[in-house]
Amino acid sequence: MLVEAMTVQQAKAKCEEMPECAGFTFAGRPTAEPVTVHFKRAWILEGEGWTSYRRAARPEDSHPAHADNCFRRGAGCAREAPFFHWRSHSAILFLHGPESGDFSGGDFFFTPDWESEGAARVRVVPKAGRLVAFTAGEENIHGVEEVTNGTRCALAIWLTLDAELAEHRDELRTARSLLAAHKGT
């Protein structure tokens, strides 16, 4: 949404003044010195070395318009840390749909820009087994409309063309050790 250098206290005050601000993240621990603050619309970036501040939730899209490998900077999209700039493609697999009775609302959408609402959005209604795949950049700004009732389940998948960043070796090793531990119980 916005990136600025300021103290954490200044960032909290600025976030409270901006209706669209859901919180912010910054590297390291809170200090009295200015830090680079990444303001967010609805999600919190968590990870090693990052600190997050979340403002009280407001009714809005369940997952506001965003790109998966960059963050909004003005009208453009910056591909750099702290976002997952290495992502090249994304996919969403819907595990069920509103016809199951488990939830209502929650349509996935593509949008031509960060602020589009209503008819400008191209909606994909969740349905069990339906897969939406797309490139992860600003050419595919997307989100999820408000889930008005129940729990919506989907599997998000992110891919990269860079094998070093895929972390597949560590994930396979972890999966094998979890399976081995489970077999031993």
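Numbering starts at 1 and runs along the sequence shown. Worth knowing before you read on, the calculation uses all heavy atoms, side chains too, and leaves out hydrogens, waters and symmetry mates.
- The main-chain N or O of Thr7 is found under 3.5 Å from a side-chain atom of Gln10 such that the two form a donor-acceptor pair.
- In this structure a side-chain-to-backbone donor-acceptor pair under 3.5 Å is missing from Thr160 to Ser88.
- Nearest heavy-atom pair across Ile141 and Ala65 is CG2-CB, 3.7 Å.
- A pairwise comparison of heavy atoms in Ser116 and Thr111 identifies CB-OG1, 2.7 Å as the closest pair.
- In this structure, CG in Leu161 is found 11.5 Å from CH2 in Trp86, a value given to the nearest 0.5 Å.
- Taken together through direct or relayed side-chain contacts under 4.5 Å among Ile, Leu, Val, Met, Phe, Trp and Tyr, Phe84 and Trp158 form parts of separate hydrophobic clusters.
- The side-chain heavy atoms of Phe94 and Arg152, taken from C-beta on, include a pair separated by under 4.5 Å.
- Counting all heavy atoms, side chain and backbone alike, Pro98 lies closest to Pro126 at CD-O, 3.3 Å.
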For Ser104 and Thr148, what are the C-alpha separation, side-chain angles and deciding distance, and is it a side-chain hydrogen bond (donor to acceptor under 3.5 Å, both in side chains)? CA-CA 6 Å; Ser104 54; Thr148 56; 2.9 Å; yes
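- We find that Arg121 and Glu145 are joined by a salt bridge, their nearest charged nitrogen and carboxylate oxygen being less than 4.0 Å apart.
- Criterion: ILVMFWY side-chain heavy atoms under 4.5 Å apart, direct or through other members. Under it, Phe108 and Leu93 are not part of a common hydrophobic cluster.
- The hydrophobic cluster containing Val132 does not contain Val125, counting ILVMFWY residues as joined when their side-chain heavy atoms lie under 4.5 angstrom apart, directly or transitively.
- Every residue two or more places apart in sequence or in another chain was checked for a salt bridge (Lys or Arg N to Asp or Glu O under 4.0 Å) with Glu138, and none qualifies.
- Between His142 and Phe109, the distance from one ring center to the other does not fall under 6.0 angstrom.
- Using modelled atom types and a 3.5 Å distance limit, the side chains of Asp68 and His66 yield a donor-acceptor pair.
- A continuous path of hydrophobic side-chain contacts links Val8 to Met18 [ILVMFWY only; heavy atoms under 4.5 Å].
- Ion pairing between a basic and an acidic side chain is recognised when a charged N comes within 4.0 Å of a carboxylate O; Arg72 and Asp113 show no such pairing.
- The two residues Ser62 and Glu146 come nearest to each other via the heavy atoms OG-CA, 3.3 Å.
- Looking only at atom types and distance, the side chain of Ser100 has a donor-acceptor partner in the side chain of Asp102 under 3.5 Å away.
- Side-chain atoms of Cys77 and Trp114, non-hydrogen and from C-beta on, do get closer than 4.5 Å to each other.
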Given the rule in the ring pair (Phe, Tyr, Trp, His ring centres under 6.0 Å) test, do His38 and Phe26 qualify, once you have shown the distances and angles that lead to the verdict? CA-CA 6 Å; His38 299 264; Phe26 55 95; 9.7 Å; no
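- The side-chain heavy atoms of Ile157 and Ile92, taken from C-beta on, include no pair separated by under 4.5 Å.
- Aromatic ring orientation, Phe103 versus His96: tilted (interplanar angle from 30° to 60°).
- Using a 4.0 Å cut-off between charged side-chain N and carboxylate O, Glu80 and Arg73 make a salt bridge.
- Inter-residue side-chain proximity for Leu179 and Ser177 is flagged as unmet; no heavy-atom pair is nearer than 4.5 Å.
- Between Phe24 and Lys14, the closest side-chain pair of non-hydrogen atoms is not below 4.5 Å.
- Arg130 contributes atom CZ, which lies 13.5 Å from atom CG of Leu95 (distance to the nearest 0.5 angstrom).
- His89 and Phe134 have their aromatic ring centers separated by at least 6.0 angstrom.
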